[in-house]
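What follows is a single structure, written as structure tokens, with notes after it.
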Amino acid sequence: MGTVPGSLNAAGAIHAEDGHTAGREGRRHSPRVLLVLPTVVWLALFFVAPLVLMAAYSFGTSDLVIYTTRLGFTLRNYGEMGDALYLGAILRSLELSAVATAACMAIALPLAFFTVRQRPSVQRLLLLATIVPFWTSFLIRNYAWVNILQNEGMLQGLLHRLGLVHGSLNIMYSPTAIGIGIVYSYLPLMVLPVYVALERLDPAIIEAASDLGAHGFSLMSRIVIPLATPGLIAGAILVGIPATGEFVIPAILGGGKTLMLGNVIADQFLNVGNLALGAAMAMTLMTFLAVVLVLVALAQRTRTKTQDADRGATG
Amino acid sequence: MKTFREHPIVSLMAVLTLAFMWLPLFVVIANSLNSDKLLAHWGGFTLKWFKQAAADEAVRSGLVSSLEVAALTTLVSVGLALTGVLWWRRASKRGRRVYDGLVYARIILPEVVFGMALFLIFTRLHVQLGVLTMVVGHSVWGSAFATVILQARIRLLDEAVEQAAADLYATPRAVFVKVTMPQLGPGLLAASVLVFALSFDDVVTSFFLAGSSVNPLPLFVFGLIRFHVTPEVNAIGALVTLSMITLTLIAVWLLMRLFRGPGSIAARLGF
């Protein structure tokens, strides 16, 4: 939070210099900074302070009998996470999130590409069709999958009728069901950035590639995917990061059998009362995600630099 | 002439993907009218689940507290976002970067993490959990989403118009009230609708911050779902789904009108 006040002063100073409108009314010192004050106070109290306190808790000790946490400095909570139950949940979260993100990429790309190729009015309709389900109740949409996936449910009925499967399906309450739920819930967050990346490029490139004989798979792998990469990366962040901490989807579709890190954290809070351990897990999750973000940002910076260098060399 | 032909597999996959996105919504609505208690087969048309849901006291009080939380959250979030964005507009590059970073962080940080963090600070300070603590929690991310929409809108404002008004001796207050605000209006409405919908639907933040005295609708439904499938959930779900689709259509329609041209909507929503 240390940089915020500094930047506010800088902003205030700059405004005073350009104070065209304010200056005219003799309000050169009009406190523009006051505008951002509510946000600064709100975030300091309810965003930064809680996270700092959580960091402190993660080094504290929870007394499970009297339900209190003493602050202090111990690494025991972090050590306890090596326990097979917790380690399993952490690895499962990473795996499910990675697989679901990859699946989202594979599914979103054709839809985004298809959308970009339509007339503007159709594009608008397709985007609407992509966004609307996303803003509709997250909880209810995932619950709908219980109806579809459960034994005796719709999918099993359909597959039985087609004669593809006999007996029970046993998808519900498994990691597969959670994976389906994550892909389903986060898909629009992949489609939109990929769409935006593809929309910015000149349709003539695709025409040219297709004139030169690139079709189907080679068109996708050599032209469309490389051009969609910035969108795919943005989408991977928007999908992969929240999915790693997902808590509602595994609770509904995993049925409490298949745990993800989010459930284990919530469980410390709800049942066990080991807040220090829960805080340590949340800190680990947050730190891990921050590291991933920094790595992605660095990779992107290198990529842009190389591209600039290439452009410099050819031009 | 168009030399490129749509690849049939790409088109097929796109259509199947859209079907995949919409199918569960139809399932919920269909099952809310299905009289088969196990929902395994179509057992005939019924409205009894709706009656059962409407008669349930927990559903009614849950709905009231959810509406209360969503309305207050919208007010706080849009207020914070509006003042913040008006500052951001003319802020220094570094100020903007910090501000944008905080917006981004609030959007992608898993809710479990700061739901828990807020719970810790509230209990530490002996703050009674309830409607107000939920509003605080929802507003942390609600204001971030509202900010993204307002930023998109404010980038399109022509400063020259405000400048002209000022040159014609409009006071700063008059410029703001008569020029800036009317142009921001639809953006504010779109932001409000989306924040309201998100808050109304929230499970995770509320899970940590509701306390034992309040049980907002999504938490009530979440409780039902976790233990068994009840047809009543489909009825609540169908009503929630239909009203949220309506709200979203309004918001997206507003956004599309604001940003004319399909590409810019998504782009300016920050994707």
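Throughout, protein chains are lettered first and strands after them, A, B, ... in sequence-line order, and every chain is numbered starting at 1. This one's a predicted model, so the numbers in the text were calculated from it and none came from an experiment.
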- Message: One pair to check against side-chain contact (heavy atoms from CB on, under 4.5 Å): A:L139 and B:V240. What are the steps and the verdict?
- Response: CA-CA 10 Å; A:L139 189 61; B:V240 169; over 6 Å; no
- Task: Go through the atoms of B:L23 and report whether side chain, backbone, both or neither lie under 4.5 Å from a heavy atom of chain A.
- Result: side chain
- Atom CG of B:L16 with >12 non-hydrogen neighbours under 6.0 angstrom: yes
- Query: When rounded to the nearest 0.5 angstrom, what is the spacing between CZ in A:F47 and OG in B:S143?
  - Reply: 9.5 Å
- Note on the structure: Counting heavy-atom pairs under 4.5 angstrom with chain B, the leader among A:A144, A:A197, A:S137 is A:S137
- Could you tell me the separation between the OG1 atom of B:T83 and the CG atom of A:L37, rounded to the nearest 0.5 Å? 9.5 Å
- Go through the atoms of B:L80 and report whether side chain, backbone, both or neither lie under 4.5 Å from a heavy atom of chain A. both
- Side chain / backbone / both / neither for B:V76 at chain A, heavy atoms under 4.5 Å: side chain
- Task: Taking the side chain as every heavy atom from C-beta outward, state whether B:V27 and A:W145 have any atom pair closer than 4.5 Å.
- Result: no
- Item | Contact summary for A:W42 and B:S139, nearest pair of heavy atoms | CZ2-CB, 3.6 Å
- Item | Separation of A:I107 CD1 from B:F20 CZ (nearest 0.5 Å) | 5.5 Å
- Message: Please classify the contact of A:T130 with chain B as side chain, backbone, both or neither, using a heavy-atom distance under 4.5 Å.
- Response: both
- Using non-hydrogen atoms only, which part of B:F200 is less than 4.5 Å away from chain A: side chain, backbone, both, or neither? neither
- Interface moiety of A:L293 toward chain B, non-hydrogen atoms closer than 4.5 Å: side chain
- For chain A, which of B:L12, B:L25, B:L82 has the most heavy-atom pairs under 4.5 Å? B:L25
- Under 4.5 Å from a heavy atom of chain A, the part of B:F26 involved: neither
- Task: Answer whether the closest heavy-atom distance between the side chains of A:L71 and B:R124 falls below 4.5 Å.
- Result: yes
- Task: Under 4.5 Å heavy-atom distance to chain B, tell me which part of A:L289 shows up: side chain, backbone, both or neither.
- Result: side chain
- Under 4.5 Å from a heavy atom of chain B, the part of A:A112 involved: neither
- Take B:T17 and A:F114, measure what side-chain contact (heavy atoms from CB on, under 4.5 Å) needs, and give me the verdict at the end. CA-CA 11 Å; B:T17 306; A:F114 178 77; over 6 Å; no
- Item | Name of the residue among B:D201, B:V203, B:L198 meeting side chain to side chain contact (heavy atoms under 4.5 Å, CB included) with A:F138 | B:D201
- Note on the structure: Okay, B:S243 and chain A: the region with an atom under 4.5 Å from a heavy atom over there is neither
- Heavy-atom nearest pair, A:P50 first then B:I121, reads N-CD1, 3.9 Å
- Got B:L118 and A:F46 here, is their nearest side-chain heavy-atom distance under 4.5 Å? yes
- Query: Do the non-hydrogen side-chain atoms of B:M244 and A:I140 ever get within less than 4.5 Å of each other?
  - Reply: no
- Item | Most chain B-contacting option - heavy-atom pairs closer than 4.5 Å, from A:L261, A:V191, A:L187, A:L34 | A:L187
- Message: Looking at every non-hydrogen atom in both residues, tell me the closest pair between B:W22 and A:A129 and how far apart they are.
- Response: NE1-O, 2.9 Å
- Query: Measuring from A:Y143:OH to B:L224:CG, what's the distance to the nearest 0.5 Å?
  - Reply: 9.0 Å
- For A:I148, is it the side chain, the backbone, both or neither that has a heavy atom under 4.5 Å from a heavy atom of chain B? side chain
- Task: Supply the atom-to-atom distance B:I107 CD1 to A:I237 CD1, rounded to the nearest 0.5 angstrom.
- Result: 13.0 Å
- Return the option, out of A:A49, A:P242, A:A108, A:P133, with the maximum number of heavy-atom pairs under 4.5 Å with chain B. A:P133
- CA sep, side-chain torsions, deciding dist, call: B:V113, A:L51, side-chain contact (heavy atoms from CB on, under 4.5 Å): CA-CA 8 Å; B:V113 174; A:L51 291 177; 4.1 Å; yes
- Task: Please work out which of the three classes, parallel, tilted or perpendicular, describes the rings of A:F269 and B:F119, given edges at 30° and 60°.
- Result: perpendicular
- Query: Between B:P110 and A:I241, which heavy-atom pair has the shortest distance, and what is it?
  - Reply: CG-O, 3.9 Å
- Region of B:V136 that comes under 4.5 Å of a non-hydrogen atom in chain A: both
- Specify which of A:A55, A:G231, A:G278, A:S185 makes the most heavy-atom pairs with chain B at under 4.5 Å. A:G278
- So what's closer than 4.5 Å to chain B heavy atoms on A:Y57: side chain, backbone, both or neither? side chain
- Message: So which atom in B:A14 and which in A:P110 form the shortest heavy-atom distance, rounded to 0.1 Å?
- Response: CB-O, 4.3 Å
- Query: Hey, what do you get for CG (A:L189) to CD1 (B:I108), rounding to the nearest 0.5 Å?
  - Reply: 11.5 Å
- Pick one of side chain, backbone, both or neither for A:L285, based on which atoms fall under 4.5 Å of a heavy atom in chain B. side chain
- Output the option from B:M116, B:M13, B:M21, B:R97 having the highest count of non-hydrogen pairs under 4.5 Å with chain A. B:M21
